[in-house]
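Reviewing the structure listed below.
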Amino acid sequence: ATLEGDQSGDDGEVEELAAEDITIGLSISTLNNPFFGDLQRGVVEAAEENGSTVRSVDAQDDTATQINGIDDLIQQGVDILLINPVDSDAITPAIESANSAGIPVITIDRSSEGGDVLTFIASDNVEGGEMAAEFIIDLVGEDADVVQLEGVPGASATNERGEGFMNVANDRLNVVESQSANFNRSEGLTVMENIIQSYSDIEAVFAQNDEMALGALEALEAAGMTDVIVVGFDGNDDALAEIEAGRLDATIAQQPYEMGTIAVDTVYDYFSGGTIDEEIGAPLELISAE
Amino acid sequence: METKNAAVTRKKERRSELYRKLGPLIALIVLMLIVTVLNVNFIRPANLLNLLRQVSVNALIAFGMTFVIITGGIDLSVGSTLALSSALTAGIIAIGVPPVLAIVSGLLIGAFLGMINGLLITKGNVAPFIGTLATMTIYRGLTLVYTEGNPITGFGGGFAFQFFGRGYLFGIPFPVIITTAAFIILFVILHKMTFGRKTFAIGGNEQAAYIAGIKSDRVKTMVYAISGMMSALAGLILTSRLNSAQPTAGTAYELDAIAAVVIGGTSLAGGKGRIVGTLIGALIIGTLNNGLNLLGVSSFYQQVVRGVVIIIAVLLDRKK
Amino acid sequence: METKNAAVTRKKERRSELYRKLGPLIALIVLMLIVTVLNVNFIRPANLLNLLRQVSVNALIAFGMTFVIITGGIDLSVGSTLALSSALTAGIIAIGVPPVLAIVSGLLIGAFLGMINGLLITKGNVAPFIGTLATMTIYRGLTLVYTEGNPITGFGGGFAFQFFGRGYLFGIPFPVIITTAAFIILFVILHKMTFGRKTFAIGGNEQAAYIAGIKSDRVKTMVYAISGMMSALAGLILTSRLNSAQPTAGTAYELDAIAAVVIGGTSLAGGKGRIVGTLIGALIIGTLNNGLNLLGVSSFYQQVVRGVVIIIAVLLDRKK
Amino acid sequence: MHVEMKGITKSFGENKVLRGVDFSLHSGEVHALMGENGAGKSTLMNILTGLHKKDSGKVLINDEERLYANPKEAEENGVSFIHQEMITWPDMTVLENMFMGKEIKNKLGWVQTKEMEKKAKSVFGELGIDISFDRTMKTLSVGQQQLVEIAKTLLNDAEVIIMDEPTAALTDREIRTLFKIIRQLQKKDVSLVYISHRMEEIFEISDRVTVMRDGVSISTKDTKDTSYDEIVRHMVGRDLEDYYPEMDNAQGEAVLEVRNLTHLPDYEDISFTLHSGEILGFSGLMGAGRTEIMRGIFGIDKIDSGDIYLDGEKIDISTPNDAVKRGIGFLTEDRKSEGLILDFSVRDNISMTAFEEFSKGGWINDKEEEEFVDLLIKRLTVKTAHMELPVGALSGGNQQKVVLAKWIGAGSRVLILDEPTRGVDVGAKREIYNLMKELAERGVGIIMVSSDLPEVIGVSNRVLVVHEGTISGELKREDLSEERIMTLATGGE
Ligand SMILES: Nc1ncnc2c1ncn2[C@@H]1O[C@H](COP(=O)(O)OP(=O)(O)OP(=O)(O)O)[C@@H](O)[C@H]1O
Ligand SMILES: Nc1ncnc2c1ncn2[C@@H]1O[C@H](COP(=O)(O)OP(=O)(O)OP(=O)(O)O)[C@@H](O)[C@H]1O
Ligand SMILES: O[C@@H]1[C@H](O)[C@H](O)CO[C@H]1O
Ligand SMILES: [Mg+2]
Ligand SMILES: [Mg+2]
């Protein structure tokens with residue numbers, strides 16, 4: 001009787017590989033969100049440019065589907081795995097199986113709690129949350145009534161952005177309501193509509209991603225509350241357009257495409273014997289109308 | 001003696017029939033009272049209009065679902081139909097087709113997708129549950145393929161299209177007006193026209209209906225087309241409201257729609273049902289969602305409460 | 001002529017019966033051949049074991065679902081039952097209960113949740129579709145309440161619990177061994193024991209079953225308990241494999257399970273079915289998922305293909 | 001076993017179905033139970049076998065008060081009930097059906113198929129039945145299914161067997177077999193309750209007759225001491241005049257012509273002409289293919305070849321809708337699954353075929369519909385409290401009238417009636433015959449498929465006999481006799 005991940009893989013020297021000979025396995029948490037579409041595009045385009053092969057699987061936001069997909073990638077003998085976990089805990093066993101198959105792993109956007117990971121590429125979500133809170137305070141002042149729309153419960157992005165936001169807001173803002181709209185635009189709309197019914201004096205909304213922010217925007221506009229400040233997170237195309245149009249106030253822009261290309265660059269570094277940092281930060285940027 | 005007996009039966013029957021009809025309505029009123037007592041904001045006209053607007057999407061889908069369920073079928077593909085027809089309509093608007101024309105095309109696309117369900121079920125002889133389960137996956141897949149997983153936005157459509165989901169007429173949100181119109185039309189079709197009679201007959205006993213000369217394949221196909229069209233209509237409202245066609249829009253909407261239909265007293269076995277009940281069912285679900293939010297109940301508990309209310313509503317209906 | 005007629009009918013019937021039984025198997029073999037031709041990695045033993053391990057979760061749920069569907073019912077709550085029983089088991093392990101005991105408790109919790117479905121349906125007289133739709137929401141809500149929406153991790157459980165989902169015995173993944181054992185036991189119960197006969201009898205003609213002295217309420221309640229227990233078993237495997245109990249685990253799993261059952265030739269109308277078919281159905285779906293990944297088909301197209309394959313499989317079965 | 005039921009009462013809700021029934025059964029006798037549809041015969045037997053609970057009264061088994069908790073307990077104590085609506089599992093095998101709920105199992109709880117087969121084989125042998133055990137029930141003819149049901153009762157060493165209209169779906173040959181079996185059982189001292197609406201059978205097989213009316217037992221007599229007229233009088237509460245109406249209806253032009261209709265292997269080369277005002281009987285043995293022919297004509301099943309003419313004009317019927325549109329109506333042999341929507345009201349059932357009569361452009365005029373339905377209910381004297389009552393709540397005969405009303409309302413000029421009086425009591429039967437005659441007199445052409453020979457002879461103007469899927473002969477009214485028909489039906493000249 002043995003356990004999956006028991007047999008440790010070859011721990012020896014890294015076998016150097018030319019870009020054309022590398023097959024990259026990519027496991028994405030869900031492609032139903034443009035954010036991850038960009039991330040995937042970053043990986044695929046950077047890899048193709050250098051002649052590498054990419055095989056990707058989509059977990060559709062389900063942890064079990066994700067480990068199955070990673071197993072399938074391992075079966076195809078990919079040289080390295082880029083994993084964007086659905087859940088930071090539940091990904092551990094999959095990373096351990098990759099470890100035991102001797103396949104190096106890089107996680108992107110969300111971390112892994114266990115297993116050996118080459119590096120972790122992500123924006124600093126805590127810092128992003130803090131940036132949003134500071135921005136809001138700049139515009140509406142301290143102690144204003146604000147609302148937070150949270151992402152998928154349990155996702156590291158939700159927890160970390162919430163943590164960052166509350167770090168600042170706890171003492172300096174009055175958060176009247178904080179509810180989940182699952183990173184989803186139509187839920188953002190309905191949840192916001194309902195909140196408006198109880199709190200007509202809110203001055204700002206922080207949505208943990210742009211999709212929810214855009215939904216909230218429609219709700220506020222329908223209620224004639226156009227002067228409420230709305231801040232999103234991600235910097236996706238729709239959000240940027242709305243900022244341009246003066247409807248959305250700001251977004252904490254991540255750069256998913258860059259995360260993808262950084263990951264691929266790291267892969268090449270690794271296979272040419274370079275040393276890799278334990279964590280690689282992806283740039284975050286607050287984009288607003290000014 | 002026999003006639004006296006009959007009169008008594010008749011009276012009793014009428015009374016139980018009345019209960020059956022009023023049951024869901026009473027449930028709705030009680031629910032609204034409770035929410036109002038707990039948070040008076042609920043009963044403010046602005047919130048009620050807001051509630052109605054929120055309900056319109058589920059109500060429209062549930063209206064179509066009512067026809068399907070009365071024939072003894074089920075349509076699991078409504079959510080995916082909504083997404084696919086919305087995405088295609090957004091695409092159509094984006095290439096510059098006038099919005100009214102695009103809306104009509106969107107409705108026809110929905111009807112077409114529904115018709116495919118109907119043909120699978122009638123000509124292919126596939127059980128409705130499994131046939132629409134398959135198309136649910138297929139239509140969703142096609143939506144994702146078409147949109148490449150990204151929302152379609154900034155497709156324009158001008159005032160007409162924006163008005164569709166976001167406009168007001170005499171202070172009433174336009175989606176509410178659309179829903180009311182759809183309700184009236186479908187009510188008439190179901191309860192006042194021969195098409196409705198045929199729909200009931202098929203659900204009551206398909207073989208007998210067929211032998212009585214009812215073209216059951218054709219009626220069923222049309223019923224699924226109606227369901228598809230209503231999903232598309234709901235999708236257009238959503239798209240207009242969000243100013244964006246979402247590839248994941250409508251996921252799991254079939255469950256809310258089926259719940260509305262069943263709470264409204266339509267039997268899943270087919271042959272029995274009322275579209276008024278469905279409207280009330282949709283209002284109950286909407287009041288619950290809106291009310292629980294107003295009361296600040298956590299979304300986790302909301303799910304528990306929602307399930308419990310579905311059971312209570314159905315049990316009340318059983319007891320007549 | 002009468003006897004000749006009968007003989008012809010008879011022969012036809014046997015042949016169609018054979019097709020019915022072999023249909024899904026042939027579909028599976030053809031599918032495996034196609035995938036192998038396109039990517040020979042598929043047929044490697046390591047991948048086949050990997051495939052079997054992937055299939056085990058859906059197969060276990062689908063086994064239980066087979067019983068339910070044979071009675072003419074349906075269980076939409078399996079995914080939520082999986083999540084709730086997993087979360088509670090993780091909680092039990094976390095407070096230090098020995099893993100084997102915890103596993104047993106987990107299975108009993110699943111059976112209990114299933115029993116609630118059964119009682120709702122038999123005593124409450126609620127249609128299975130709507131009753132389990134309600135508990136699906138309720139159990140999911142309770143899971144979220146219990147876990148506060150966060151995955152439960154680091155609960156320990158030691159080697160025994162880890163082995164459950166991640167172990168190997170004689171080179172075979174332990175989940176595959178569990179699934180095989182469950183299959184054999186359930187096969188015997190369904191096809192060799194009176195309980196199985198009763199299950200079929202209820203689905204075939206409930207009134208007749210009552211007259212034959214079958215306690216249909218009790219049998220049905222037990223059948224839903226079996227379904228709940230199988231969901232819990234699947235959940236434990238998943239929890240062990242993921243080393244974490246996820247509050248959203250099992251979402252939409254009912255659909256894959258129902259698809260496996262129906263592809264395997266069990267009729268949604270009840271009274272007819274085979275658990276071997278369900279196993280094959282689950283393997284078809286698993287092969288499809290694994291194969292499409294191996295072939296590098298985009299996840300969007302995968303959905304389309306999966307829906308189309310369900311339809312083809314069901315149509316093939318129809319045509320006998 | 002000796003059974004005594006005394007003063008049994010039973011109500012379903014407001015409906016007092018039994019109002020003090022006395023009934024007794026001696027060991028080894030065949031006791032016929034007669035009464036109009038809805039008189040309460042099945043209900044009484046359901047009380048004896050524990051399916052329904054009585055409200056008051058006494059049941060004595062071998063002079064001891066005894067109530068069975070459920071049908072299974074009754075069966076275990078030697079009281080078996082072959083129900084009117086056969087209780088089977090169509091998709092399960094003969095063996096599974098026979099042993100349902102009483103499988104033989106070993107210590108581990110495994111079902112012992114071999115032993116069950118052995119036991120079944122011996123019972124089949126006793127009855128002279130030859131049906132293989134692994135066939136599914138639905139592939140058997142109704143007669144064969146009935147035989148399996150009977151064999152089932154022998155598995156439990158039944159001492160009392162209740163047969164509720166066992167011959168309703170059998171033709172004469174099978175009835176002969178059944179009677180042989182009954183006599184064998186009688187020799188083994190088994191008592192039988194025999195419920196039937198067929199008077200001839202009662203006189204042939206029973207020792208005593210009990211007649212029920214409106215939930216009360218009217219009389220119990222030795223069969224040899226009573227008469228046809230007396231039984232009928234007790235059943236309907238008055239004298240009935242002639243059972244069959246005088247068939248003096250005049251016949252006109254050909255309305256329906258069928259030429260070389262073929263659908264192998266069910267029937268081949270069927271040709272005949274139906275005239276307006278004619279009642280054309282179709283006789284034949286079970287499985288001869290009469291129902292299949294009618295389904296072919298009506299467009300329910302596909303045909304291989306052949307032509308159909310209406311008023312001399314060739315028409316194409318590929319669905320029932322094509323037939324209905326052209327004024328053809330079809331009362332099917334299976335009223336419950338094909339003729340009616342049982343939960344729907346009398347009104348909805350009647351109006352189903354005739355929407356055009358009270359709708360314009362798809363809009364229904366409720367008032368007109370009500371008048372339309374009311375007229376039909378009155379014309380056919382359907383006994384119903386009101387038109388909103390679910391059809392399932394009516395007696396069998398009245399249900400049959402609702403189906404007829406539906407086709408008359410559709411303005412049918414050609415009516416195909418398949419076993420129109422199956423399971424219908426004498427009183428209602430007579431009314432149906434009168435209706436048929438009345439329709440014929442108004443120029444409707446009627447095809448009547450019937451397995452009831454006296455009925456075929458009593459109401460047909462002309463009879464076609466079907467044998468193994470072909471028409472083996474035609475008999476004019478004056479040539480009709482049971483012998484002639486049976487000779488043709490069995491392939492003789
Ligand atoms: N389960 C029930 N619930 C309500 N009413 C019932 C039920 N069973 C029978 N009845 C009613 O009881 C009456 C007697 O029915 P029963 O079946 O005993 O008549 P029957 O004499 O067997 O008639 P038939 O000759 O048509 O078989 C009918 O009016 C019937 O509608
Ligand atoms: N031995 C059999 N095996 C399978 N099906 C049978 C058998 N006998 C009869 N049937 C079914 O019942 C039908 C009986 O034939 P059909 O009803 O056309 O004859 P019929 O002369 O009208 O007899 P009936 O008096 O029973 O109506 C067959 O066509 C078939 O559908
Ligand atoms: O960082 C990403 C994005 O913000 C997305 O919108 C939701 O998932 C998070 O992990
Ligand atoms: Mg009866
Ligand atoms: Mg027949």
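Numbers restart at 1 for each chain; the letters A, B, ... are given by sequence-line order, proteins then strands. Scope of the values below: all heavy atoms of this structure, side chains included, with no hydrogens, waters or symmetry mates.
Heavy atoms from other residues, nucleotides or ligands lying under 6.0 Å from OH of Y168(B) number more than 12.
The choice from P173(B), P151(B), P247(B) that makes the most heavy-atom pairs within less than 4.5 Å of chain A is P151(B). Chain A forms more heavy-atom pairs under 4.5 Å with one residue of V57(B), L144(B), N290(B), L242(B) than with any other, namely L242(B).
T147(B) does not touch chain A: none of its heavy atoms, backbone or side chain, sits under 4.5 Å away. Only the side chain of L189(A) comes within contact range of chain B, with at least one heavy atom under 4.5 Å from a heavy atom of that chain. With a threshold of 4.5 angstrom between heavy atoms, A222(A) approaches chain B through its backbone and through its side chain. Using a 4.5 Å cut-off between heavy atoms, E193(A) touches chain B through backbone and side chain atoms alike. F42(B) does not touch chain A: none of its heavy atoms, backbone or side chain, sits under 4.5 Å away.
Using a 3.5 Å distance cut-off with no hydrogens or angles, the side chains of N194(A) and Q54(B) do pair a donor with an acceptor. For the residue pair D238(A) / T153(B), a side-chain donor-acceptor distance below 3.5 Å is found, with atom types taken as modelled.
Here the straight-line distance linking atom CG of N182(A) with atom OG1 of T251(B) works out to 11.5 Å at 0.5 Å rounding. How far CG of L214(A) is from CG of N243(B): 9.0 Å, rounded to the nearest 0.5 Å. Once rounded to the nearest 0.5 Å, the distance linking CZ of R53(B) with OG1 of T190(A) reads 11.0 Å. Here OG1 of T248(B) is found 7.5 Å from CD of E211(A). Values are rounded to the nearest 0.5 Å. With values rounded to the nearest 0.5 angstrom, N150(B) atom CG is found 12.5 Å from F36(A) atom CZ. The line from CD of E218(A) to OG of S240(B) is 8.5 Å long, rounded to the nearest 0.5 Å.
With respect to the salt-bridge test (charged N to carboxylate O, under 4.0 angstrom), the residues R241(B) and E221(A) do not qualify.
No side-chain heavy atom of S180(A) sits under 4.5 Å from any side-chain heavy atom of F300(B).
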